[in-house]
Amino acid sequence: MTSFRPAPTWLADAVFYQIYPQSFADSDGDGIGDFAGITDHLDHLSWLGVDAVWLNPCFVSPFRDAGYDVADYLNVAPRYGSNDDLAKLVDEAGRRGIRILLDLVAGHTSIDHPWFQAAANDPDDHRYIWTTEGRPDGFVASPGTRPGAYLPNFFDSQPALNFGYAREDPAEPWRLPVDADGPRANRHALRTIMDHWLSLGLSGFRVDMASSLVKDDPGKAETARIWTELRHWLDSAHPDAVLLAEWGEPEVSIPAGFHADFFLHFGGPTDGLALRSLWNNGEGTVEETWDPLDCFFDASGRGSPRPFVEAWQHATTAVAGAGSISLPTANHDFSRLNCGPRGADQLPAAFAFQLTWPTLPAIYYGDEIGMRYVPGLPDKEGSVLGPRYNRAGSRTPMQWDDTPNAGFSTAPADHLYLPVDPSPDRPTVAAQRADGTSLLSLVRRLIALRRRTPELGSTGSVEVLSAGYPFVYVRGGRYLVVVNPQRHAASWSYTPAVHSTLEAQGVEIGDGTITAHGFGYGIFELGG
């Protein structure tokens, strides 16, 4: 494994919070969230206990893919405010001990980017991948005077930046080597973009589609070399900054130079099985090619934590302490925890697990109050990816209080970026903050418990005693965790003495047995 500078010390204890900026808080009444709105609500994040925030892309964009089609990497989209507004957000967050990370779309741009506009009319420009004539499978016809076609990375409006091909083929002359002029210019551009924002006080990047750079790249070896090069530069130029990968395969991404990688609903040889085996209940965002699977956090009790545990063990062994694995509750591309048949009463056990397992927790905005995936929404900025895959349901406005639009915006309801959850019993921050028994209050206590108890953090040891219902494990040799995500009670034989209960609901320990009632959870300090 390549030798890198150790990760900044702040990362090991971080609790991440993902904000979809257009849906978090609207400060100016135009119906779209903005930087000032986030700044106005930093006290919520501080009170909750999170200390690192990553924002979905906030750069200039035509928003055909909700900002993942970047038209200018060095300026923010006017819908969110100005570069100065972002700087103020970073400064105010820093005063509260919260770091801000941006989302870096490294593998492609928008067709509106000046780079692409130039390339579409210049046959000698190799910043993108172009055929000289014809239109091979997967390519899109040139929109300019340049003959041939270009290769997109995701949607047709997102042309792939050219980082070269790992394997050349004389029959396909567009396969330039990784050291050709175009690929080298793009590697330099990545460094320039990163340096620009890190020099202004940002703390790092979550990198979109991080594995997508070099094409026809077996094992992602050449793509890994690019990130290794960038990590060495980052270690020297910005040693306190971090890179988080949207890769979904920590065994590959972390040795390549990322400080952390997420378990995702895709990625790696099992196509994201680890995460899907926990949360995916067949509702919300569903890819038709996924194998049917009973997830562990389901009332039926037909799932198992084993696929997740085994994937985590494999990844942890492979990275050998060189980086961290992050476990999200959800994200902008995947269903929220509260989705379909999984309701609010099942969420406390999910958070008890997520905030005590040795991964970096990433809480998706609104999950801390149990916001639900809202079905049946229209396509919004490319949200629909398939007949059962509409990402808009996970992107609805944050629910702050019981004022109009749930306190998200003063705009008319029909002017909102997306409609607010219409449920009459939708949860809000205000109501749950006033209720010590609420999910929000529990999540805050669990974060505080994790913070003051290193054994419950990302680096403490874990011993799995029962990989079923209930799920039972010991952290740091001192803390017993019991989670029962099913509706029926479950028991497990257990004899060590419990010294104290740190957080529990529906779990009893006595007479050599752990009894966990439906949706029960517990965190206990062991005696001795």
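All residue numbers in this chain count up from 1 along the given sequence.
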Task: Gap separating the CZ atom of F266 from the CD atom of E249, nearest 0.5 angstrom - done: 11.5 Å
Open item on the list: Would you say NZ of K380 has more than 12 non-hydrogen atoms from neighbouring residues, nucleotides or ligands within 6.0 angstrom?
Closed with: yes
Open item on the list: Working note: T356 + Y473, criterion side chain to side chain donor-acceptor pair (under 3.5 Å); need CA distance, chi angles, decisive distance, verdict.
Closed with: CA-CA 10 Å; T356 60; Y473 51 95; 2.7 Å; yes
TODO: Answer with yes or no whether the side chains of Q158 and D65 bring together a donor and an acceptor at under 3.5 Å.
DONE: yes
Open item on the list: Side chains of N338 and Q346, heavy atoms from C-beta outward: is any pair under 4.5 Å?
Closed with: no
Open item on the list: I'd like to know if the side chain of S394 reaches the main chain of F334, judged simply by a donor and an acceptor atom lying under 3.5 Å from each other, with no hydrogens or angles considered.
Closed with: yes
Open item on the list: Within the structure provided, determine whether F59 and L102 are in side-chain contact (heavy-atom separation under 4.5 Å).
Closed with: yes
Open item on the list: Could you go through S82 and D84, starting from their C-alpha distance and side-chain angles, then the distance that decides it, and tell me whether this counts as side chain to side chain donor-acceptor pair (under 3.5 Å)?
Closed with: CA-CA 5 Å; S82 65; D84 287 342; 4.8 Å; no
Task: Sidechain-backbone polar pair: D421 side chain, R426 backbone, donor-acceptor under 3.5 Å - done: no
- [ ] Using a strict cut-off of less than 4.0 Å between a Lys/Arg side-chain nitrogen and an Asp/Glu carboxylate oxygen, indicate whether D43 and R96 qualify as a salt bridge.
- [x] yes
Open item on the list: Quick test of your reading of the model: are R231 and D235 salt-bridged, counting only N-O distances below 4.0 Å?
Closed with: yes
Open item on the list: Using only atom types and a distance under 3.5 Å, with no angle test, would you say the side chain of R276 pairs donor to acceptor with the backbone of D271?
Closed with: yes
Task: Parallel, tilted or perpendicular: ring planes of F63 versus Y80, cut at 30 and 60 degrees - done: perpendicular
Task: Atom NE2 of H196 with >12 non-hydrogen neighbours under 6.0 angstrom - done: yes
TODO: Taking all non-hydrogen atoms of both residues into account, name the closest pair between P358 and V462 and its distance.
DONE: CG-CG1, 3.8 Å
- [ ] Could you go through the side chain to side chain contact (heavy atoms under 4.5 Å, CB included) check for R450 and S458 one step at a time?
- [x] CA-CA 9 Å; R450 181 185 179 97; S458 64; 3.9 Å; yes
Task: I369 side chain near L439 side chain, heavy-atom distance below 4.5 Å - done: no
Task: Aromatic plane relationship, H332 with Y20 - under 30° parallel, 30 to 60° tilted, over 60° perpendicular - done: parallel
Open item on the list: Strictly distance-based, threshold 3.5 Å: is any side-chain N or O of T428 a donor or acceptor partner for the main-chain N or O of Q399?
Closed with: no
TODO: Output the distance between atom CZ (R99) and atom CG (D240), rounded to the nearest 0.5 Å.
DONE: 5.5 Å
Task: Whether N405 side chain and T410 backbone form a donor-acceptor pair below 3.5 Å - done: no
TODO: Mark yes or no for whether R206, through its side chain, and D103, through its backbone, hold a donor-acceptor pair below 3.5 Å.
DONE: no
TODO: Answer whether the closest heavy-atom distance between the side chains of W247 and I254 falls below 4.5 Å.
DONE: no
Open item on the list: Is it the case that the side chains of Q18 and N56 hold a donor-acceptor pair, with the cut-off being a distance below 3.5 Å and no angle test?
Closed with: yes
Task: Between S27 and D34: side-chain donor-acceptor atoms closer than 3.5 Å - done: yes
Open item on the list: Checking side-chain polar atoms at under 3.5 Å, does S335 have a donor or acceptor matched by the opposite partner on T285?
Closed with: yes
- [ ] Decide yes or no for L244 and F16: does some side-chain heavy atom of the first lie under 4.5 Å from some side-chain heavy atom of the second?
- [x] yes
Task: Shortest non-hydrogen separation from M398 to H44 and the atoms involved - done: CE-NE2, 4.2 Å
Task: Smallest separation among heavy atoms of L230 and R187, with atom names - done: CD2-O, 4.5 Å
TODO: Classify the angle between the aromatic ring planes of W279 and F353 as parallel (below 30°), tilted (30 to 60°) or perpendicular (above 60°).
DONE: perpendicular
- [ ] Using modelled atom types only, decide if a donor and an acceptor are shared between the side chain of T359 and the backbone of I325 within a distance under 3.5 Å.
- [x] no
- [ ] For the pair Y73 and W115, name the ring-plane relationship: parallel under 30°, tilted 30 to 60°, perpendicular over 60°.
- [x] tilted
Open item on the list: Quick one about D69 and S110 (side-chain donor to acceptor, distance below 3.5 Å, no hydrogens or angles considered), yes or no?
Closed with: no
Open item on the list: Is it the case that the side chains of N75 and N83 hold a donor-acceptor pair, with the cut-off being a distance below 3.5 Å and no angle test?
Closed with: yes
- [ ] Determine the minimum heavy-atom distance between G366 and R336, stating which atoms define it.
- [x] C-NH1, 3.8 Å
Task: Main-chain N/O of F297 paired with R342 side-chain donor or acceptor, under 3.5 Å - done: yes
Open item on the list: Parallel, tilted or perpendicular, judged at 30° and 60°: which one describes the rings of F24 and Y365?
Closed with: perpendicular
Open item on the list: One pair to check against salt bridge (Lys or Arg N to Asp or Glu O under 4.0 Å): D217 and K220. What are the steps and the verdict?
Closed with: CA-CA 5 Å; D217 186 14; K220 303 298 181 183; 5.8 Å; no
TODO: Supply the atom-to-atom distance L101 CG to I19 CD1, rounded to the nearest 0.5 angstrom.
DONE: 11.5 Å
Open item on the list: Using side chain to side chain contact (heavy atoms under 4.5 Å, CB included), reason through F35 and K88 one step at a time and then give a plain yes or no.
Closed with: CA-CA 9 Å; F35 295 132; K88 181 180 179 182; over 6 Å; no
Open item on the list: Taking the six-membered ring for Trp, are F408 and Y417 closer than 6.0 Å centroid to centroid?
Closed with: no
TODO: Step through it carefully: locate the ring centre of W54, locate the ring centre of Y364, and say whether they are under 6.0 Å apart.
DONE: no
Task: Plane angle bin for Y128 and F116 - parallel if under 30°, tilted between 30 and 60°, otherwise perpendicular - done: perpendicular
- [ ] Report yes if some heavy atom in the side chain of L213 is under 4.5 Å from a heavy atom in the side chain of L161; otherwise report no.
- [x] no
Task: Pairwise distance CG(L502) to CZ(R452) - rounded to 0.5 angstrom - done: 7.5 Å
Open item on the list: With a 4.5 Å cut-off on side-chain heavy atoms, are L190 and H188 touching?
Closed with: no
- [ ] Give a yes or no on whether a salt bridge exists between R79 and D30, defined as a side-chain N under 4.0 angstrom from a carboxylate O.
- [x] no
TODO: Look at R64 together with E381 and state whether they make a salt bridge at an N to O cut-off of under 4.0 Å.
DONE: no
- [ ] With the side chain counted from C-beta on, respond yes when L418 and R395 share a heavy-atom pair under 4.5 Å apart, and no when they do not.
- [x] yes
TODO: Please round to the nearest 0.5 Å and tell me the distance separating atom CG of L89 and atom CG of L55.
DONE: 6.5 Å
- [ ] Report the distance from atom CD1 of I447 to atom CZ of F351, rounding to the nearest 0.5 Å.
- [x] 8.0 Å
- [ ] Heavy atoms only: give me the nearest Y17-L48 pair and the separation to one decimal.
- [x] CE1-CD2, 4.1 Å
Task: Charged N-O contact under 4.0 Å between E455 and R475 - done: no
- [ ] State whether the side chain of T453 and the backbone N or O of L449 hold a donor-acceptor pair below 3.5 Å, judged by distance alone.
- [x] yes
Open item on the list: Checking the side chain of R391 only, and the main-chain atoms of D333 only, is there a donor and an acceptor separated by less than 3.5 Å?
Closed with: no
- [ ] Answer with yes or no whether the side chains of N153 and K215 bring together a donor and an acceptor at under 3.5 Å.
- [x] yes
- [ ] Examine H108 together with F154 and report whether their ring centres are nearer than 6.0 Å.
- [x] no
Open item on the list: Ignoring hydrogens, what is the shortest heavy-atom contact between L234 and H259? Give both atom names and the distance.
Closed with: CD2-CE1, 3.9 Å
TODO: Let me know which of L275, L273, L327 forms a side-chain contact (heavy atoms from CB on, under 4.5 Å) with F308.
DONE: L327
